[in-house]
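Take a look at the structure below.
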Amino acid sequence: MISIAFYLLTALLFSAALMVILSKNPMSSVLWMVVAFFAITGHYVLLNAQFLVVVNMVVYAGAIMVLFIYTVMLLNLSKDNDNRASLLVRLAGIVSGGLLLTVLIAALRRSTDAAVGDLAQVGATSLVGLVKPLGLALFRDFLVPFELSSALFLAALVGAVALGKKEASD
Amino acid sequence: MDFSTLTLEIGAAALALILLVVGLFLPDGKKGQVGIVAALGFAFLLVLSFLAPGSKGPFFMGQYMNDGISVLFKQIFILGSLLVTLMSLRFTRRFEDARGEFYVLLAFSLVGMMGMAGATDFLTLYIALELMSIPLVVLTAFEKGSMRSTEAGMKYVLLGAMSSAILLFGLSFLYGAAGSFGYGAVMAALTGGQTGPLVVIGGIFALAGLAFKVAAVPFHMWSPDIYEGAPVPVTAFLAVASKAAGFAALLRFFPVVLVPLGLGMTTLIVLIAALSMVLGNLTAIPQTNIKRMLAWSSIAHAGYMLLGVMVASFAGAAALVYYLLVYLFANVGAFAAVTAWSELSGSDEISSFKGMWKKSPLISTVFIVSLLSLAGIPPAAGFIGKFFLFVEVAHKGYLWLVALALVMSVVSLYYYVSVIKTLVSEAPEGETSKADIPLALRAVMLVSAVSTVVLGVLPGPVMGYIRNILSTLSS
């Protein structure tokens with residue numbers, strides 16, 4: 001049952017990811033990306049990583065995609081804009097993409113089906129991906145640095161606004 | 001989990017949030033009153049730090065330490081923030097609508113500094129360091145209309161990022177050797193014989209990252225440009241509080257993490273101290289801008305203070321804290337005088353000081369007392385601060401370092417006194433407009449000058465308090 005869901009999600013993910021780079025219209029690229037994010041979220045559900053499910057849904061599929069859509073709409077990309085990369089850039093892209101693929105294959109080659117099964121077993125029973133252990137790590141084990149970093153983000157935000165704001169006299 | 005350890009940190013963070021909200025609700029013309037709230041808040045925190053120093057010991061799984069060093073350093077940071085806030089009240093009027101944010105960022109930076117004084121864990125140390133630095137970058141670039149301020153902010157963010165990278169790189173090597181972030185665990189692993197060349201490299205990189213924050217040679221390149229470009233009160237804050245925070249971190253980091261790496265680390269810090277004293281003092285001589293000159297002089301003072309870190313003892317820490325206090329009042333006094341004078345004359349070149357004595361005896365007196373203290377002339381406090389510090393270095397057996405420091409103090413006399421000579425000399429033109437100094441700035445100048453003299457004439461009570469806190473709250 002789980003493996004059927006896995007293959008379905010994977011197929012959906014691959015086709016959505018392909019559509020992101022193949023579709024001509026940037027808007028539909030973005031929408032296909034939302035589909036890809038949903039498929040990844042489904043994978044997290046299968047891995048029993050509850051916290052990642054929620055975060056991925058809210059942050060990536062929600063907030064970041066809205067940002068993307070607005071950016072695309074504001075940029076107002078016209079269709080006749082020929083933005084194909086030069087030969088050199090394409091070649092560099094193929095080489096670096098191929099290298100990444102090699103590394104991934106090298107890493108996954110040794111993991112036999114049995115090992116994958118073990119991992120799935122661990123994923124189903126361990127508490128790693130659950131909200132509780134994460135909360136304990138953040139609010140018990142690393143409380144001081146965690147709270148300091150929240151102050152850091154707020155300070156950076158205030159600073160960015162203070163610097164970016166237009167002066168009234170301008 | 002004992003949150004009372006974090007009373008001051010929580011207080012400062014709460015103050016930052018309160019200021020943010022107060023700034024929101026004040027009507028447009030009255031945003032400057034955020035500064036008054038900030039000053040009251042810092043004064044309250046200062047009182048609180050005396051009333052509730054908290055209980056001693058490591059807290060939060062060994063990540064955070066409350067002892068004499070952290071209490072004393074927190075008091076220095078709060079005092080610095082309070083004085084800088086009072087200095088800025090008039091100054092921030094020129095920022096139309098972003099005045100409140102100035103104080104919010106000051107308070108956030110204070111939280112980071114307190115974190116640096118308490119951190120006994122790489123992760124906490126690093127995040128606290130960034131929490132201190134990022135608001136400082138924004139404050140440096142706060143004068144949006146000024147090219148130099150923007151340029152200084154840009155330089156600070158780039159160089160600060162690079163120094164952070166170096167610090168993190170070094171810490172990752174130490175973490176690799178010890179398998180833990182905590183200072184205690186790292187020390188245990190290192191004294192257990194986990195030292196290899198990679199670990200030593202890690203130690204050197206971490207030392208370089210922290211030496212950047214205190215602006216010691218050869219990691220000082222950023223400070224003259226940034227001190228010159230930043231608004232004057234921000235320069236004072238950088239020179240005083242940010243440097244003190246670097247020393248707080250070093251005072252914890254050096255004896256626990258670096259000393260177990262071998263004798264080479266002590267040699268290294270001695271070398272950095274000697275280079276800072278020599279280069280800082282010699283380069284200060286030809287400077288024509290007062291902020292640049294004070295920047296080079298603060299590099300030289302970082303050299304003296306590194307000697308206190310190198311001593312790595314109870315008495316050394318007490319001498320260092322006393323020196324920092326003296327240095328704080330002298331620098332705040334000098335920068336307050338520069339602020340008041342540049343409001344008057346519109347320039348911070350040393351040549352514009354001509355006729356200052358005629359125009360404003362108050363600014364001149366404060367300036368002279370501060371400069372004499374920085375040079376180490378009795379009865380100003382600089383003399384007694386240097387005395388305490390050098391005695392400890394001599395006890396440690398580094399007589400040649402004491403001799404070098406004394407010679408360099410004499411060299412420093414030259415450029416401090418030549419500023420004094422300029423400001424008592426006759427003005428070229430005969431205009432005599434009366435100096436209008438805002439009340440808060442006047443108070444800062446008077447407090448700094450009086451404290452400088454009192455600390456120089458009567459060191460007993462304050463030194464007694466420092467030793468008392470260190471011994472009752474330390475092991």
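In this text the structure is predicted, and so the values were computed from the model without any measurement. All chains are named by letter (A, B, ...) in the order of the sequence lines, taking the proteins before the strands, and each is independently numbered beginning at 1.
- At distances below 3.5 Å, not a single donor-acceptor pair connects side-chain atoms of B:Lys74 with backbone N or O atoms of B:Glu9.
- Outside the 6.0 Å centre-distance limit, the rings of B:Phe122 and B:Tyr175 are not counted as a close aromatic pair.
- Defined by atom type and a distance below 3.5 Å, a donor-acceptor pair is missing between the side-chain atoms of B:Thr140 and B:Lys155.
- By a heavy-atom distance cut of under 4.5 Å, A:Pro145, A:Leu148, A:Ser149, A:Ala151, A:Leu152, A:Leu154, A:Ala155, A:Ala156 are the residues of residues 145-156 of chain A near chain B, going up by number.
- Side-chain contact check for B:Thr124 and B:Asp121: at least one donor-acceptor pair (N or O, by modelled atom type) lies under 3.5 Å.
- Heavy atoms closer than 4.5 Å to chain A are found in the side chain of B:Leu20, but not in its backbone.
- In terms of the salt bridge (charged side-chain N to carboxylate O under 4.0 Å, His left out) criterion, residue partners of B:Glu143 (sequence neighbours excluded) are, by chain and number, B:Arg94.
- Taking the side chain as every heavy atom from C-beta outward, B:Leu129 and B:Leu210 approach each other to under 4.5 Å.
- Heavy atoms of B:Ala141 lying under 4.5 Å from chain A belong to its backbone as well as its side chain.
- Panel note: side chain A:Trp32, backbone A:Leu22; no donor-acceptor pair is recorded below 3.5 Å.
- In this structure, chain A has a heavy atom under 4.5 Å from the side chain of B:Gln63, while its backbone stays farther away.
- Heavy atoms closer than 4.5 Å to chain A are found in the side chain of B:Leu17, but not in its backbone.
- Classified by interplanar angle (parallel below 30°, tilted 30° to 60°, perpendicular above 60°), the ring pair B:Phe77/B:Phe73 is tilted.
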